[in-house]
Amino acid sequence: MTAAPRTPEPGTKLPAVGTTIFTVMSALATEHGAVNLGQGFPDFGCDPKLLDAVTAAMAAGHNQYPPMTGVPLLRERIAAKIEALYGRRYDAGTEITVTAGATQAIITAILALVRPGDEVIVLEPCYDSYVPNIELAGGVVVRVPLVPGSFRPDFGRIAAALTPRTRAILINTPHNPSGTVWTAEEMRQLEDLLAPTDVFVISDEVYEHMVYDGALHQSVARFPGLAARSLIVSSFGKTYHVTGWKVGYVAAPAVLTAEFRKVHQFNVFTVNTPMQHALAHYMADAAPYLDLPAFYQRKRDLFAEGLARTRLRLLPSEGSYFQCVDISSVSDLSEADFCQWLTREIGVAAIPLSAFYGDGFDQRVVRFCYAKRDETLRDALTRLAKL
Ligand SMILES: Cc1ncc(COP(=O)(O)O)c(C=O)c1O
């Protein structure tokens, strides 16, 4: 007699991973008809010219596998943009790779570099994929907090975390969730700190075009000592309001790109062809990304002016599309309970910062996303006015 069909117990490679806070808060927002300022994506469309370019690319027959490293014209345009903005020339053939968004770029970079037992420094609070990615590579996660309250890098603590086993550090500016933007001086401090080491930098720059008040994005590409040891990750999803397209890229010196591509070709191989052609076409005009700071700074200001009339205390949003607020003068609840309460009772969803820390550190700060239509932001502000 054959045994009854049975699914073997898989165990888990990621015991700490469950349903993310973003999924939980979005579901709660839908259930309660709340304005969803939780998850970070625009509720408005992209430039119709970009959509036309996709249709044109499909009609022109760009529907089969592109080159593994990305459509050549797109790689050229990416290299030209980086050179124009940050002054470093990456070779489109050997130093730029098109990826399925930043998320795939980051895990691919980690799998390419991190060997079992290698230590990787993350600066908390951090984007939620970094830690599981390091764990999947068999690496050891070394968590270093950004300074609570200001979210600036603490170079004393980063220096103390460096050991002979440190393989890489992940940095993210403009920063999700805090909205801080690293200064040139901070980048130079990192450059000096790493100079005597063999530590690699994975630099998550997906919000590179969202920096406000006349400040400049300090890409690692601007700092030769950092650029030589860095993989830069960016994403068209953020820049062109198409987060669902999942197209991004990695720029890195040729030896690092060669290792990156070895993994890339076997975990994604290629990225969808018509979108790449459309993005290459659209990138010929720099205006859409050069105009982005003004576009989002206006939304930031609209939202911040309304919030300033509540008892929430605003933290600076220097870049990204996130606004953090201190809730302590409004409520005694924990961040997570406050977000649930806010969604249910006030009708606005936010994300607790504790979700971005491994130990759930609670500093009474929550994050709103202002990448929303003005009427969405006004609706949220009308509701938040009760606070
Ligand atoms: C800091 C950071 N890195 C990476 C990503 C992922 O980007 P993509 O959608 O291109 O995978 C996000 C998206 O929210 C992010 O905030």
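In each ligand, atom 1 is the first atom listed, and ligand 1 is the first ligand listed.
Looking from atom 7 (O) of ligand 1 to the surrounding protein, the closest heavy atom is A102 CB, 3.4 Å. Among protein heavy atoms, atom 10 (O) of ligand 1 sits closest to S235 OG, 2.6 Å. Counting protein heavy atoms only, atom 9 (O) of ligand 1 is closest to K246 NZ, 3.0 Å. At the top of the distance list for atom 13 (C) of ligand 1, counting protein heavy atoms only, stands K238 NZ, 2.5 Å. When hydrogens are left out, the protein atom nearest atom 16 (O) of ligand 1 is Y207 OH, 2.6 Å; that is the closest non-hydrogen contact.
Contact between P253 and A227 at its shortest, heavy atoms only, is CG-O, 3.4 Å.
In this structure, Q104 does not count as a contact residue of ligand 1, since none of its heavy atoms falls inside 4.0 Å of the ligand.
The shortest N or O to N or O distance between Y130 and ligand 1 is not under 3.5 Å. Ligand 1 has no nitrogen or oxygen under 3.5 angstrom from a nitrogen or oxygen of V206.
Among Y296, Y370, Y212, the one residue that satisfies the ring-ring contact (aromatic ring centres under 6.0 Å, His included) test with Y321 is Y296.
Under the 4.5 Å side-chain heavy-atom criterion for Ile, Leu, Val, Met, Phe, Trp and Tyr, Y127 and L170 are members of the same hydrophobic cluster. At a threshold of 4.5 Å between side-chain heavy atoms, the hydrophobic network of Ile, Leu, Val, Met, Phe, Trp and Tyr places L111 and I202 in two separate groups.
At a 4.0 Å heavy-atom cut-off, ligand 1 touches N172 through the side chain alone.
Residues D43 and K372 are not paired through a salt bridge, judged by the lack of any N-O separation under 4.0 Å between the basic side chain and the carboxylate.
Residue nearest to atom 4 (C) of ligand 1, selected from V242, D204, I107: D204 (by heavy-atom distance).
Counting the atoms of ligand 1 from 1 in the order shown, those under 4.0 Å from a heavy atom of G101 are 10 (O), 11 (O). Heavy-atom contacts of N176 reach the following atoms of ligand 1: 1 (C), 15 (C), 16 (O) (cutoff under 4.0 Å).
Ring planes of Y357 and F361: perpendicular class, angle over 60° (limits at 30 and 60°). Using cut-offs of 30° and 60° for the angle between ring planes, the Y240 and Y289 rings count as tilted.
In this structure the side chain of T94 never reaches within 4.5 angstrom of the side chain of T69, judged on heavy atoms.
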